[in-house]
Number of protein chains: 2
Amino acid sequence: MIKPRPRRGGGRPTLADVARKAGVGAITVSRALREPERVSEDLRRQIQAAVDELGYLPDPNARALASARAEVFGVLVPSLTNNVFAEVVRGIYDSLSAGPFRIQLGNTHYSGLEEERLLQVFGPQRPAALIVAGIDQTAASRHLLEKAGCPVVQVMEIGSDPVDMMVGFSHFEGGKAAAEHLIEAGYRRIGFLGARMDPRSQRRLAGYRAAMEAAGLFDPRLVTTTPVPSSVTLGRELFRDALAKAPTLDGVFCNNDDIALGALFECHRASIAVPKTIGIVGFNDLDMMEVAFPSITSVRTHRYEIGRRAVAMALAAIAGERPAERVVDLGFELRRRESTAR
Amino acid sequence: MIKPRPRRGGGRPTLADVARKAGVGAITVSRALREPERVSEDLRRQIQAAVDELGYLPDPNARALASARAEVFGVLVPSLTNNVFAEVVRGIYDSLSAGPFRIQLGNTHYSGLEEERLLQVFGPQRPAALIVAGIDQTAASRHLLEKAGCPVVQVMEIGSDPVDMMVGFSHFEGGKAAAEHLIEAGYRRIGFLGARMDPRSQRRLAGYRAAMEAAGLFDPRLVTTTPVPSSVTLGRELFRDALAKAPTLDGVFCNNDDIALGALFECHRASIAVPKTIGIVGFNDLDMMEVAFPSITSVRTHRYEIGRRAVAMALAAIAGERPAERVVDLGFELRRRESTAR
DNA sequence: CTGAAAAATGGTAGCGCTACCATCTTGACG
DNA sequence: CGTCAAGATGGTAGCGCTACCATTTTTCAG
């Protein structure tokens, strides 16, 4: 006698169970679930009833294996705690939570090698789309993205050579706008404070430099950077260093808002008047910039919107639509506040 | 003549390809990859060579289907942008990046219903472990967690009734310690400023209340809360409201550091002396608390460590070890700073 | 009413891997 | 030198689903 070995799976209902209960073929159930319009009204109702009664939930692993496509968006960001990327991820997440797609997150730690490793891990899963931060992938990463066989969206930056699609803004222009604003406001010895100095920071620095050179104000001693990750604490230290190096400093463009906040606190502590003695500009425009005392001028970037747009573009591509534009520039806005109101 | 239909998969090498090339059975390759110690040195080398040459990468979907277990950690947090959870996720991520496990992130938006929905989505995938924030799951969520058939770690809080395991600290005790510190420092009309008021905030409030009542200082007019999500901007508003409601206010325990920062900025703006006129205590101890001017007393919580420990416990459980303790209290530390140094 | 096209449904054969059990090799031991 | 346990390897049969094609039913022009 053949003993029907207990199902390995653990007894949760399968497509076949639903099909049996509804009195139809398994494939019809599959279709009713994925392309309801191709199944007659009658059967659809019958199948839905069976699904509800059994509490059937499709097995995503089996589905992925059979269709050679997982309902997963792979998302690669350089940092999870940096508010900037957290906002992008939130935008991605909110746009995806309505649909069937799951999100698999990868943290590259700002490392090209780690990015490659993660792409190697994501690839075999055959994700429905990949969203990666930045445009400075290594050659190997780029190759992995190109042969991923799914839509790819590079976010946070724009450039002329997308792997597939891009949503972001120009960090160069952002840095330039910030420096130009300080120059217009009457500041002359304007420093640049930068932490981590990833490629985006580098381009903001380049924008700053372009503006300063155009005004005949550039001086390498005004630039203070460190590869150390950014923090408010570091902002204070960078500001101190900058002031020690260039005592006539009268303004700072900070690589990001954390550093700007650290600089502001140091000014308070050292009784340096802001904006009178020193003007401060941040980057990203976190909510606290508005509330700070004095409020801090910053370059607002549209992180959440970038996440949303990236998903919209990826979904359109999955649906087979050709994008109107492969590269979308969401721009930035300079928010003028008290810290530069001289 | 039978025409060998092209492989659906798209031609990437499979286990069978590796087995053929190495001249061994498929199952041996599978073993060599998963339990190398059970395969002889010779074959292992031979197989590794074939793997390298073909660039073989196992298909995680097929693996998950065959073994009824996906190498995925499901992580559910109420917010992606709240730095507190971002740190926990980072801890989880860093502990997992060495191994084969992928991370699938879910954002519950502080909603019990959304949490249920996400558990429904995660369940059929048969994750290797689930990590969820908080201990206030709905009955349905709790049931889903119990029958998930994998280790479950509830993080950020502790309680007496874990689904499986817990890592966190007592928010009640944290709130109590903060209030007691203000009382000891000589403040009397100590307000509570709270945003969002999720269950953890509620328990911090309860701790504050217990300390205030013990000292005979509790007054409901001192408590200012809102269901609105927390932000620095909101901190300023809450502080203003609190002061309007209780003009004799001489201290505030803020639900979190964003609010504390907003309160501090409002004090600057209104020329209220800190710590002389008003004492301020935050919660979580983000890096900026130390740098603020004046530096802000806060309750340091070990978010990153919570993430790491949660993973360690889950991995141990997967390996079949019985945990020494099902509930791990990682505590907190009150960091005394200038904002309460009266 | 007929025939052909379109719509609805189903059967078969995998997707790439692992669980389970069977077989074959070793080598320790009396 | 035979016996047997332990170790190494392999074959078979799925996991639960979908792609592909075949079949049946319906629709509608002529």
Side-chain angles (χ1 to χ4, degrees), chain A residues 2-20 22-47 51 54 56-71 100 123-126 128 149, chain B residues 2-20 22-47 51 54 56-71 100 123-126 128 149:
Chain A
I2 299 159
K3 112 176 137 233
R5 211 195 303 144
R7 270 227 295 270
R8 283 200 239 158
R12 117 169 50 204
T14 71
L15 244 202
D17 296 329
V18 176
R20 209 170 306 121
V24 300
I27 191 67
T28 305
V29 176
S30 175
R31 258 198 296 264
L33 261 34
R34 291 176 300 130
E35 315 166 85
E37 72 285 355
R38 291 195 43 198
V39 173
S40 71
E41 177 82 29
D42 265 15
L43 278 194
R44 217 185 308 157
R45 246 201 310 272
Q46 220 165 303
I47 288 168
V51 165
L54 292 171
Y56 169 75
L57 289 168
D59 180 331
N61 300 125
R63 197 171 250 191
L65 179 59
S67 67
R69 194 47 79 200
E71 289 179 320
Q125 249 181 110
R126 304 172 168 285
Chain B
I2 300 159
K3 113 178 134 220
R5 212 198 299 150
R7 269 227 295 270
R8 284 199 237 157
R12 125 173 35 208
T14 71
L15 244 201
D17 296 330
V18 176
R20 209 170 304 123
V24 300
I27 190 66
T28 304
V29 176
S30 174
R31 259 198 296 266
L33 262 33
R34 291 175 301 131
E35 316 166 84
E37 72 285 356
R38 291 196 42 198
V39 172
S40 71
E41 177 83 29
D42 264 16
L43 279 193
R44 218 184 310 157
R45 247 201 309 274
Q46 219 166 303
I47 289 169
V51 165
L54 292 172
Y56 169 74
L57 289 168
D59 179 330
N61 300 126
R63 198 170 250 192
L65 179 60
S67 66
R69 194 46 80 199
E71 289 179 322
Q125 249 181 112
R126 303 172 169 284

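These numbers come from the heavy atoms of this one structure, side chains and all, not from hydrogens, waters or symmetry mates.
Atom CD in A/Glu71 sits roughly 13 Å away from atom P in D/dC17 (whole-Å rounding). Between A/Arg34 atom CZ and D/dG16 atom P the separation is 17 Å, expressed in whole Å. Summarising the geometry, the separation between CG on A/Leu15 and P on D/dC15 is reported as 13 Å, rounded to the nearest angstrom. Remark: P of C/dC15 and CG of A/Asp59 are 18 Å apart, rounded to the nearest angstrom. Between the C1' atom of C/dG16 and the CZ atom of A/Arg63 lies a distance of 19 Å, rounded to the nearest Å. Taking atom CG of B/Asn61 as the reference point, atom P of D/dC17 lies 14 Å away to the nearest angstrom. B/Tyr56 places its OH atom 7 Å from the C1' atom of C/dG16, with the value rounded to the nearest Å. When rounded to the nearest whole Å, the span between CG of A/Leu65 and P of D/dC17 equals 12 Å.
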For residues 25-34 of chain A, dump all side-chain donor-acceptor pairs below 3.5 Å to protein atoms at least two apart in sequence or in another chain.
from: A/Ser30; atom 1: OG; to: A/Arg34; atom 2: NE; distance (Å): 3.2
from: A/Ser30; atom 1: OG; to: A/Arg34; atom 2: NH2; distance (Å): 3.0
from: A/Arg34; atom 1: NE; to: A/Ser30; atom 2: O; distance (Å): 3.4

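In this structure, A/Ala22 and A/Gln46 approach most closely via the heavy-atom pair O-NE2, 2.9 Å. Annotation for A/Arg69 and A/Gly149: closest pair NH2-O, 2.8 Å, computed over non-hydrogen atoms. When all heavy atoms of B/Tyr56 and B/Leu15 are compared, the pair lying nearest together is CE1-N, 3.4 Å.
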What does the list of N/O pairs under 3.5 Å between the protein and nucleotides 4-10 of chain D look like, with a distance for each?
from: D/dT9; atom 1: OP1; to: B/Ser40; atom 2: OG; distance (Å): 3.0
from: D/dT9; atom 1: OP2; to: B/Ser40; atom 2: N; distance (Å): 2.9
from: D/dT9; atom 1: OP2; to: B/Ser40; atom 2: OG; distance (Å): 3.3
from: D/dG10; atom 1: OP2; to: B/Gly25; atom 2: N; distance (Å): 2.9
from: D/dG10; atom 1: OP2; to: B/Thr28; atom 2: OG1; distance (Å): 2.5
from: D/dG10; atom 1: N7; to: B/Arg31; atom 2: NH2; distance (Å): 3.0

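An OP1 or OP2 oxygen of D/dT18 is reached within less than 4.0 angstrom by a side-chain nitrogen or oxygen of A/Ser30.
The shortest distance between side-chain heavy atoms of B/Pro60 and A/Pro124 falls below 4.5 Å.
Side chain of A/Arg44 to main chain of A/Pro36: a donor-acceptor pair is present (N/O by atom type, distance under 3.5 Å, no hydrogens or angles).
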